[in-house]
Amino acid sequence: MIELARQYGRYGYRRVAVLLREAGWSVSDGRVERLWRREGLKVPPKQAKKGRLWLNDGSCVRLRPEHRNHVWSYDFVHCRTDDGKVFRTLNVIDEFSRECLSIKVKRKLNSTDVIDVLTDLYILRGAPAFIRSDNGPEFVAQAVRDWIAAVGSQTAYIEPGSPWENGHCESFNGRMRDELLNGEIFYSLREAQIIIEEWRKHYNTKRPHSALGYRPPAPEAVIPLAQRPTMH
């Protein structure tokens, strides 16, 4: 338990309990909580509740994801390497499964990079019904709008003057900064790309997600050796 708490410093006892059970330990949440407090480990504070989000015309928008590939959302996160130079990440998530589909890491990202990332994802996963994003210049560029429309998806932009949040992506960005970026020193852009991609894979396949009943968004599937196809 202490080793997991040291490795994943921002996880609470519930997530650590899930990881312990996956490793073969027969322990309840209550037992882990008692041991957690006895060892003086601190449970990260819960986030404050958020109210409803309203448009400036008084209407309330609730585009809720209903299945995988229904609503994707994406946003930028800024960080720096040890030499002080800025780099950005473009994070794309599936709002229903909470899976992080892609994290693109570059010194500069623009509308062309947005289209390149989405093109790769569309080839691998098909087109989502909606794409939700901020109204930053990279996202509202006409080239991006035209491309999204051409492949059959609809945009769900945050309209100017409306205090509406991209909640799923902002929540993911906060976890990424809290659990990874705030605790790492990146000595080069390449190092940042490798470490961030490793974290993305862990987030998808191992990290217990409270909104999913403390299951990871995309757990790895293991095929028994006897069921694997043979090569001829």
Side-chain angles (χ1 to χ4, degrees), residues 1 3-22 29 32-33 36 41-51 53 63-65 68 70-81 86-106 109 114 117 121 128 131-134 136 139 156 158 164-186 191-220:
M1 182 190 71
E3 177 59 31
L4 288 171
R6 184 182 296 114
Q7 186 175 0
Y8 306 112
R10 296 300 299 165
Y11 284 11
Y13 72 87
R14 289 188 180 88
R15 285 196 174 90
V16 169
V18 172
L19 295 176
L20 285 171
R21 287 192 288 270
E22 287 184 353
D29 285 1
V32 173
E33 183 183 15
W36 185 273
L41 299 171
K42 185 178 179 181
V43 179
K46 294 182 178 179
Q47 293 183 348
K49 293 183 178 180
K50 296 180 180 179
L53 305 169
L63 173 59
R64 295 184 182 276
R68 288 178 182 268
H70 182 210
V71 184
W72 292 358
S73 59
Y74 57 124
D75 199 4
F76 286 134
V77 169
H78 295 73
C79 195
R80 294 177 184 272
T81 45
V86 174
F87 68 85
R88 307 174 84 189
T89 73
L90 172 62
N91 302 341
V92 186
I93 66 169
D94 183 308
E95 291 191 3
F96 181 81
S97 68
R98 305 300 207 278
E99 182 180 0
C100 177
L101 306 179
S102 177
I103 302 180
K104 181 75 170 181
V105 182
K106 288 183 66 177
L109 289 164
V114 174
V117 169
L121 290 175
I131 297 182
R132 196 193 316 256
S133 67
D134 199 348
F139 297 142
I158 302 171
W164 184 86
E165 292 183 277
N166 192 354
H168 288 84
C169 214
E170 287 192 358
S171 176
F172 173 83
N173 293 348
R175 291 189 180 100
M176 177 181 174
R177 190 170 292 283
D178 182 48
E179 296 176 9
L180 175 68
L181 301 181
N182 288 348
E184 289 284 348
I185 298 175
F186 302 112
E191 182 183 34
Q193 291 169 338
I194 292 171
I195 292 175
I196 290 172
E197 179 60 18
E198 288 178 350
W199 181 84
R200 185 186 75 86
K201 292 177 180 177
H202 169 81
Y203 179 91
N204 286 337
T205 62
K206 300 293 185 183
R207 181 191 185 277
H209 200 299
S210 58
L212 302 175
Y214 287 92
R215 295 187 302 273
E220 292 178 322

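Values reported hereafter were calculated over all heavy atoms of this structure, with side chains retained and with hydrogens, waters and symmetry mates removed.
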**Q** For Arg215, give me all partners under side chain to side chain contact (heavy atoms under 4.5 Å, CB included), at least two apart in sequence or on another chain.
**A** none

**Q** Are Phe172 and Arg98 close enough, and set up right, to give a side-chain contact (heavy atoms from CB on, under 4.5 Å), and what steps lead you there?
**A** CA-CA 9 Å; Phe172 173 83; Arg98 305 300 207 278; over 6 Å; no

**Q** Holding to side-chain hydrogen bond (donor to acceptor under 3.5 Å, both in side chains), I want the full list of residues that pass it with Thr89, two or more places apart in sequence or in another chain.
**A** Asn91

**Q** Are Trp72 and Leu121 packed together at the side-chain level, in the sense that at least one heavy-atom pair is separated by less than 4.5 angstrom?
**A** yes

**Q** Quick one, Lys201 and Glu197 - any side-chain contact, counting heavy atoms below 4.5 Å?
**A** yes

**Q** Give, for atom OG1 of Thr205 and atom CD of Glu99, the distance between the pair rounded to the nearest 0.5 Å.
**A** 9.5 Å

**Q** Once side-chain hydrogen bond (donor to acceptor under 3.5 Å, both in side chains) is applied, do any residues pair with Lys106, and if so which ones, sequence neighbours excluded?
**A** Asp113

**Q** Is there a side-chain contact between Tyr203 and His209 (heavy atoms, below 4.5 Å)?
**A** yes

**Q** Arg200 and Leu101: which non-hydrogen atoms are nearest, and at how many Å?
**A** NH1-O, 3.4 Å

**Q** Can you check whether Leu90 reaches Ser102 side chain to side chain, under 4.5 Å on heavy atoms?
**A** no

**Q** Who passes side-chain hydrogen bond (donor to acceptor under 3.5 Å, both in side chains) against Arg80, sequence neighbours left out?
**A** none

**Q** To the nearest 0.5 angstrom, please state how far the CG atom of Asp29 sits from the CZ atom of Arg15.
**A** 12.0 Å

**Q** Take Val114 and Tyr74, measure what side-chain contact (heavy atoms from CB on, under 4.5 Å) needs, and give me the verdict at the end.
**A** CA-CA 9 Å; Val114 174; Tyr74 57 124; 3.4 Å; yes

**Q** Measure the acute angle between the ring planes of Phe76 and His78, then classify it against the limits of 30° and 60° as parallel, tilted or perpendicular.
**A** perpendicular

**Q** For Ser73 versus Cys169, what's the shortest heavy-atom pair and its separation?
**A** OG-CB, 3.6 Å

**Q** Please confirm whether the backbone N or O of Cys100 pairs with a side-chain atom of Asn204, one donor and one acceptor, at under 3.5 Å?
**A** yes

**Q** Could you tell me whether Glu22 and Lys206 have a side-chain N and a carboxylate O separated by less than 4.0 Å?
**A** no

**Q** Heavy-atom distance under 4.5 Å between the side chains of His202 and Glu179, does that happen here?
**A** no

**Q** Among all residues two or more places apart in sequence or in another chain, which pass the side-chain hydrogen bond (donor to acceptor under 3.5 Å, both in side chains) test with Glu198?
**A** none

**Q** What I'd like to find out is whether the side chain of Ile195 reaches to under 4.5 Å of the side chain of Leu180, using heavy atoms alone.
**A** yes

**Q** When rounded to the nearest 0.5 angstrom, what distance separates CG in Leu19 from CZ in Arg14?
**A** 14.5 Å

**Q** To the nearest 0.5 Å, what is the distance between CD (Glu184) and CD1 (Ile196)?
**A** 9.0 Å

**Q** Would you please test Glu191 and Thr81 for side-chain contact (heavy atoms from CB on, under 4.5 Å) and show each step?
**A** CA-CA 9 Å; Glu191 182 183 34; Thr81 45; over 6 Å; no

**Q** Within the distance-only criterion (no hydrogens, no angle test), does the side chain of Glu95 pair as donor or acceptor with the backbone N or O of Val71 below 3.5 angstrom?
**A** no

**Q** For a quick test of reading the model, state the closest non-hydrogen atom pair linking Val77 to Arg177 and the distance between them.
**A** CG1-NH2, 2.9 Å

**Q** Please tell me if the side chains of Asp75 and Ile93 come closer than 4.5 Å, counting only heavy atoms from C-beta onward.
**A** no

**Q** Applying ring-ring contact (aromatic ring centres under 6.0 Å, His included), can you list everything that pairs with Phe186, at least two apart in sequence or on another chain?
**A** Phe87

**Q** Minimum heavy-atom separation for Arg175 and Trp199, please, with both atom names.
**A** O-CZ2, 4.2 Å

**Q** For residues Tyr11 and Arg207, determine if any side-chain heavy atom of one lies less than 4.5 Å from a side-chain heavy atom of the other.
**A** yes

